[in-house]
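Taking it in order: structure first as structure tokens, then the write-up.
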Amino acid sequence: MTTPHINAQPGAFAETILMPGDPLRAKLIADTYLEDAEQVCDVRNMFGYTGTYKGQRLSVMGHGMGIPSCSIYVHELIKEYGVKNVIRIGSCGAVNENVNLMDVVVAMGACTDSKVNRLRIKGHDFAAIADFHLLETAVNQARAQNVPVKVGNVFTTDLFYTPEADIFSVMDKMGILGVDMEVAGLYGVASELGANALGILTVSDHITRGEALSAEDRQTSFHGMMKVALETAIN
Ligand code: ADE
């Protein structure tokens, strides 16, 4: 049986999955880092692959942009395909002077302007937090591999193009390390369905300084994040 958005066979996914936003990045990860990777789904060109990394079964699949897209794929992966650990590997914008382009941010928690988690919990505030084991493993693996990471709160927004620029100074004041568009939703759906989730993000742009990564730097910081994510996935 397949799901409305994933046409993979039962058992096609490993218990642990890495999820970038871009399905072509999922293909690149499968081609670059996995052994014996096979494509397992392609509905809407949202490609998913399963192979092995250091002998352990591992999947990678795109989740698209924004909480709704990400939540649909993650929901179906957990509920219908038995996925237990979801690691988002993505990018974020920075708002703080001490956070720089190419930094790797591990999302311990995620604020949001989205209502999805309130919908889940009868209108109350939900603390969208990472799974502690995945978080601890990512921090330990980053240390072991000399990849500097910043660990803390991110802000997941529904508006990439926000008309209210002063929100960024409020985020800065509240200690937000990065702005993305999925992590709070990912943590909500994982909690709802009893799975584990973590977001690891590279800083691709500095919102308040108006800076953005070059293509080359984007590749370098991506590799640093991947080293952390891959080792977290198998440990
Ligand atoms: N992802 C990467 N950069 C971002 C930004 N500036 N806002 C929201 N999501 C992002």
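Predicted, not measured: the structure shown is a model, and the values here were computed from it. One-based numbering, in listed order, for ligands and for the atoms of each.
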Would you sort out whether E15 and R57 count as a salt bridge (charged side-chain N to carboxylate O under 4.0 Å, His left out), showing the intermediate values? CA-CA 8 Å; E15 280 198 354; R57 202 158 178 256; over 6 Å; no
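Of the protein's non-hydrogen atoms, the one nearest atom 5 (C) of ligand 1 is F160 CE1, 3.7 Å. The protein heavy-atom contact nearest to atom 10 (C) of ligand 1 is V179 O, 3.3 Å. Among protein heavy atoms, the minimum distance from atom 6 (N) of ligand 1 is reached at D205 OD2, 2.8 Å.
Interface of S204 with ligand 1, defined as ligand atoms under 4.0 Å from a residue heavy atom, comprises 2 (C), 3 (N). In the vicinity of I207, heavy-atom distances shorter than 4.0 Å reach the ligand 1 atoms 6 (N). For ligand 1, the atoms closer than 4.0 angstrom to any heavy atom of M181 are 8 (C), 9 (N).
With a 6.0 Å radius and a threshold of 12 heavy atoms from other residues, nucleotides or ligands, E38 has its CD atom at or below the threshold. Counting heavy atoms of neighbouring residues, nucleotides and ligands inside a 6.0 Å radius, atom CZ of R209 exceeds 12 of them. Residue-environment remark: CD (Q9) stays at or below the threshold of 12 foreign heavy atoms within 6.0 Å. With a 6.0 Å radius and a threshold of 12 heavy atoms from other residues, nucleotides or ligands, K150 has its NZ atom above the threshold.
The shortest N or O to N or O distance between T157 and ligand 1 is not below 3.5 Å.
Of all the heavy atoms of S91, the ones lying under 4.0 Å from any atom of ligand 1 are found in both the backbone and the side chain. For D180, every heavy-atom contact with ligand 1 shorter than 4.0 Å involves the backbone, none the side chain.
Classification of the Y73-H5 ring pair by plane angle, with boundaries at 30° and 60°, yields perpendicular.
V154 pairs in a side chain to side chain contact (heavy atoms under 4.5 Å, CB included) with only one of the listed residues (V106, V179, V105), which is V105.
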